[in-house]
Undergrad: 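Input: one structure, supplied below.
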Amino acid sequence: MPDEEKKPVHFIKSIILEDIANNKNDARVHTRFPPEPNGYLHIGHAKSICLNFGLAQEFNGKCNLRFDDTNPSKEDQEYVDSIIEDVKWLGFDWEDRLFFASDYFQQFYEYAIQLIKAGLAYVDSLNADEIRQHRGTLTEPGKESPYRNRSVEENLDLFERMKNGEFEEGAHLLRAKIDMASPNINMRDPAMYRIVKASHHRTGNKWCIYPMYDFAHGYEDSIEGITHSICTLEFEDHRPLYDWFIEKVGAYHPQQIEFARLNLTYTVMSKRKLKRLVEEKFVCGWDDPRMPTIAGLRRRGYTPESIRNFCEMIGVGKSESTIDIAMLEHCLREDLNKRALRVMAVLRPLKVTITNYPEGQVEMMEAVNNPEDESAGTRQIPFSRVIYIEQDDFMENPPKNFFRLSPGSEIRLKHGYYITCTSAVKDSDGNVVELLCTYDPETRGGWSEDGRKVKGTSHWVSAQHAIDAEVRLYDHLFTTPTPDVAPEGKDFTALLNPDSLEVLTGCKVEPVLADLPVGAYLQFLRQGYFTKDRDSVAGKLVFNRTVSLKDTWAKVQNKG
RNA sequence: AGCCGAGUCGUCUAAUGGUAGGACAGUGGAUUCUGGUUCCAUACGUGAGGGUUCGACUCCUUCCUCGGCUGCCA
């Protein structure tokens, strides 16, 4: 495919290319996406998903979906279900390779026995506090546990009894016997198994001991025949351990490769923080359209293609970076521009009466569904004597570069007629509540034979045909591009944008919107991309603003 | 402080000893029945010093800055 050639060669791809050239692993490429089911997936995970599944696709390999479910106290089936839905929605397929680390618990147990027998693991009976004190610090070596040299027999016996549930949580711990003086703290006799008496979402109460990430993860990869185990930078310090556990049991050895996780401006990406936003009701749930979760982006109206393109565009590297969210929004608009149905919706209605238009007359006007896609066809829109236009589209005393309606000026109603404002009707407070206009019958369809130019074009909705709707305008969740750096003594929630959601009611939309499905990709002409929210009911439609259109007029005004 | 890692336009990312390029954001303009799209133009960068070389983003060296690591989380 010529498309393929344009894809950038990042450092992970170079490694794979070289491995293939050397016929390493028989030139196989097998990756995996290994989420822990303890939260919803976010756009950062999307980067990893696109990387892992994308690499497999590109090199004719495979990619597994594997749940790293080694900690029953934090994990839940709800998360498993949401993760499966999200990866699928993003457009990736793991075929029959849906795996769970918990399926390998027996194998892990046997590896642990093997390490004990080889004198490479021991049961420690220090408590958590004592272990911390023995660990040393970043600059000082640790001290060996007094239990470090228990006999193999004693270790075997104790470990067996740990497994059988004879001890309370925290009473004992199986540790690897490596080096308490290692400059890499991860190598100072790391924990392999801890006692946890919680019910696991898949294995129930079968196990009382659960393996730690460092001990289990390499084996998970090894068992599945993974060739390239791709993870984020913070595991770099753990790679010696990853290698150690695999080598000491003589198992097949995948290669761990670390890359920089995604950070985005104006949002947070840590699961812990996202969870807090949900649990403390700063947002309406994991799929709140302001959340950077896949579920939130989906509900917001993002397309999977736009997210995939974004992940391709940002590249893969090893340096910590924060991507401007404008780049994500660019990918979004680029995709939506090609596919969104153009419709007219008046968010802040201003009544317009066309005084010379016959009372009671209704004309059907033809509207293009998508100027970027001829195959999208056209539809009919009702036009009548009383319509609504946007309040912003009228100014009584306009500045010189205002192209829209003002007393005496003429504009085009998109797909309608040219109209000229003759007067503005005001209420007792002086607010403009209605416009009186005349139309030119010779401009039907929004075009004049005489070549006369009008600068402005407004969208509109026929008053008697309009449907009421609620429109939710979303903005960045945080007021600062870097909400991860909270001001002194303050929590990141202090940085939340109080205007991240503005709810507009009494909006007037085209009749066609009643029949469209939830999730439809729309452009409200001249305003932005929107999608129908699942909160819509027959009498009240609800739309989410996915992203606004670029607005050079707003820019001009702001410079004002 | 110890270990590991990373420093290229405002933000991402290419160039691996031979013209520092692309994207987003910015600016100016053209086109347009969306102040959208599209098109054209334009400004902006190799953390610092020293060394090797005809030639250094690239190699060597000293320094500086930033990030990660002291869970029985992943």
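In what follows, every chain begins at residue 1, and chains take the letters A, B, ... in the order their sequences are listed.
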Undergrad: Measure the shortest side-chain to side-chain distance between A/Phe215 and A/Thr70 over non-hydrogen atoms and say whether it is less than 4.5 angstrom.
TA: no

Undergrad: In whole angstrom, give the distance that lies between atom CD of A/Gln523 and atom P of B/rU34.
TA: 11 Å

Undergrad: Are A/Tyr219 and A/Tyr104 close enough that their ring centers fall under 6.0 Å?
TA: no

Undergrad: When the C1' atoms of B/rU65 and B/rU8 are considered, how many whole Å apart are they?
TA: 15 Å

Undergrad: Base, sugar-phosphate, or nothing: which does A/Glu372 touch, judged by heavy atoms less than 4.0 Å apart?
TA: base

Undergrad: Both A/Lys453 and A/Gly315 contact RNA chain B. Taking the nearest nucleotide for each, which residue is further toward the 5' end?
TA: A/Gly315

Undergrad: Between B/rU58 and B/rG7, how many Å separate the two C1' atoms, rounded to a whole number?
TA: 14 Å

Undergrad: Would you tell me whether A/Ser375 and A/Asp373 have side-chain atoms, one donor and one acceptor, within less than 3.5 Å of each other?
TA: yes

Undergrad: Figure out the CD1/P separation between A/Ile325 and B/rU11, and round it to whole Å.
TA: 17 Å

Undergrad: Check the side chains of A/Tyr521 and A/Asp335 for a donor-acceptor pair under 3.5 angstrom, ignoring hydrogens and angles.
TA: no

Undergrad: May I ask you to decide if A/Met344's main-chain N or O and A/Glu510's side chain share a donor-acceptor pair within less than 3.5 Å?
TA: yes

Undergrad: Taking atom P in both B/rC64 and B/rU70, compute the distance separating them and give it to the nearest angstrom.
TA: 25 Å

Undergrad: Run A/Lys197 and A/Ser73 through side chain to side chain contact (heavy atoms under 4.5 Å, CB included) and show every step you take.
TA: CA-CA 9 Å; A/Lys197 298 203 168 167; A/Ser73 58; over 6 Å; no

Undergrad: If you only use heavy atoms from C-beta on, which nucleotide in B/rU37, B/rG5, B/rG35 is closest to the side chain of A/Asp551?
TA: B/rG35

Undergrad: Hey, what do you get for CE (A/Met327) to CG (A/Leu332), rounding to the nearest 0.5 Å?
TA: 14.0 Å

Undergrad: Taking CD from A/Glu258 and C1' from B/rC3, how many angstroms apart are they, rounded to a whole number?
TA: 15 Å

Undergrad: Strictly under 4.0 angstrom, non-hydrogen atoms only: write out the protein contact profile of nucleotides 19-29 of chain B, one letter per nucleotide from the 5' end, B, S or -.
TA: ----SSSSSS-

Undergrad: Can you pull the ring pair (Phe, Tyr, Trp, His ring centres under 6.0 Å) pairs that have at least one residue in residues 172-191 of chain A, sequence neighbours excluded?
TA: A/Phe167-A/His172

Undergrad: Could you write out RNA chain B as dot-bracket? Rules: Watson-Crick or G-U wobble, both distances under 3.5 Å, brackets [ ] for crossings, | for pairs with another strand, dot for unpaired.
TA: .((((((..((((....[..)))).(((((.......)))))....(((((..]....))))))))))).....

Undergrad: Measure CD/A/Glu390 against P/B/rU34 and give the value in whole Å, please.
TA: 17 Å

Undergrad: Rounding to the closest angstrom, what is the interatomic distance between B/rU16 and B/rC60 at atom C1'?
TA: 16 Å

Undergrad: Treating primed atoms plus P, OP1 and OP2 as sugar-phosphate and everything else as base, which nucleotides of nucleotides 69-74 of chain B get B, S or - for protein heavy atoms under 4.0 Å?
TA: BBSBSB

Undergrad: Closest to the A/Ser319 side chain: B/rU34, B/rG7, B/rC4?
TA: B/rG7

Undergrad: With syn defined as a glycosidic angle within 90° of 0 and anti as the rest, where does B/rG71 land?
TA: syn

Undergrad: Without hydrogens or angle criteria, can the side chains of A/Asn370 and A/Gln523 be said to hold a donor-acceptor pair below 3.5 Å?
TA: no

Undergrad: Roughly how far apart, to the nearest Å, are B/rC59 and B/rA15 at atom P?
TA: 13 Å

Undergrad: Distance check, P atoms only: B/rG55 and B/rG22, in whole angstrom units.
TA: 28 Å

Undergrad: Rounding to an integer number of Å, can you tell me how far A/Asp179 CG sits from B/rG2 P?
TA: 18 Å

Undergrad: Using only atom types and a distance under 3.5 Å, with no angle test, would you say the side chain of A/His42 pairs donor to acceptor with the backbone of A/Met269?
TA: yes

Undergrad: Just checking, any donor-acceptor pair under 3.5 angstrom between side chains of A/Glu78 and A/Tyr40?
TA: yes

Undergrad: Contact class for A/Lys414 (heavy atom, under 4.0 Å): base, sugar-phosphate, or nothing?
TA: base

Undergrad: Does the B/rG35 base have a donor-acceptor partner in the side chain of A/Arg526 within less than 3.5 Å?
TA: no

Undergrad: Give me the one residue out of A/Phe235, A/Phe108, A/Tyr193 that meets ring pair (Phe, Tyr, Trp, His ring centres under 6.0 Å) with A/Tyr213.
TA: A/Phe235

Undergrad: How many Å lie between CZ on A/Phe403 and P on B/rU31, as a whole number?
TA: 12 Å

Undergrad: Just by distance, with hydrogens left out, do A/Arg452 and A/Thr443 show a side-chain donor and acceptor under 3.5 Å apart?
TA: no

Undergrad: Whole Å only: how far is the CD atom of A/Glu320 from the P atom of B/rC4?
TA: 19 Å

Undergrad: When the nearest nucleotide of RNA chain B is assigned to A/Lys318 and to A/Phe524 on a heavy-atom basis, which residue is associated with the more 5' position?
TA: A/Lys318

Undergrad: Using a heavy-atom cut-off of 4.0 Å across all strands, would you classify A/Glu329 as base, sugar-phosphate, or nothing?
TA: nothing

Undergrad: Sticking with atom C1', work out how far B/rC9 lies from B/rA14, rounded to a whole angstrom.
TA: 13 Å

Undergrad: For a quick check, with a 4.0 angstrom heavy-atom cut-off, what is the B/S/- contact string for nucleotides 39-46 of chain B, read 5' to 3'?
TA: --------

Undergrad: Walk me through it: do A/Arg150 and A/Ser125 pass the test side chain to side chain donor-acceptor pair (under 3.5 Å)?
TA: CA-CA 11 Å; A/Arg150 289 216 251 230; A/Ser125 305; 2.4 Å; yes

Undergrad: Could A/Glu36 and A/Lys271 be called an ion pair, given the rule that one side-chain N must be under 4.0 Å from one carboxylate O?
TA: no

Undergrad: Contact class for A/Ile314 vs. all strands (heavy atom < 4.0 Å): base, sugar-phosphate, or nothing?
TA: sugar-phosphate

Undergrad: For B/rC12 versus B/rC54, give the span between their C1' atoms, rounded off to a whole number of Å.
TA: 35 Å

Undergrad: Answer with base, sugar-phosphate or nothing: what part of the nucleic acid does A/Phe402 contact at a heavy-atom distance below 4.0 Å?
TA: base

Undergrad: Using atom CG of A/Leu549 as one end and atom P of B/rU38 as the other, report the distance to the nearest whole Å.
TA: 11 Å

Undergrad: Under 4.0 Å between a side-chain N or O of A/Thr552 and OP1 or OP2 of B/rG36?
TA: yes

Undergrad: Using distance alone, with no hydrogens and no angle criterion, decide if A/Ser182 and A/Asn184 have a side-chain donor and acceptor under 3.5 Å apart.
TA: no

Undergrad: For A/Thr322, report the nucleic acid contact type (base, sugar-phosphate, nothing); a contact means any heavy atom under 4.0 Å.
TA: sugar-phosphate

Undergrad: Could you give the side-chain donor-acceptor pairs of residues 130-138 of chain A under 3.5 Å, partners two or more places apart or in another chain?
TA:
unit_1	atom_1	unit_2	atom_2	d
A/Glu130	OE1	A/Asn127	N	2.7
A/Arg132	NH1	A/Asp129	OD1	2.7
A/His134	ND1	A/Glu130	O	2.8
A/Thr137	OG1	A/Thr139	N	3.2
A/Thr137	OG1	A/Thr139	OG1	3.3
A/Thr137	OG1	A/Glu140	N	3.1

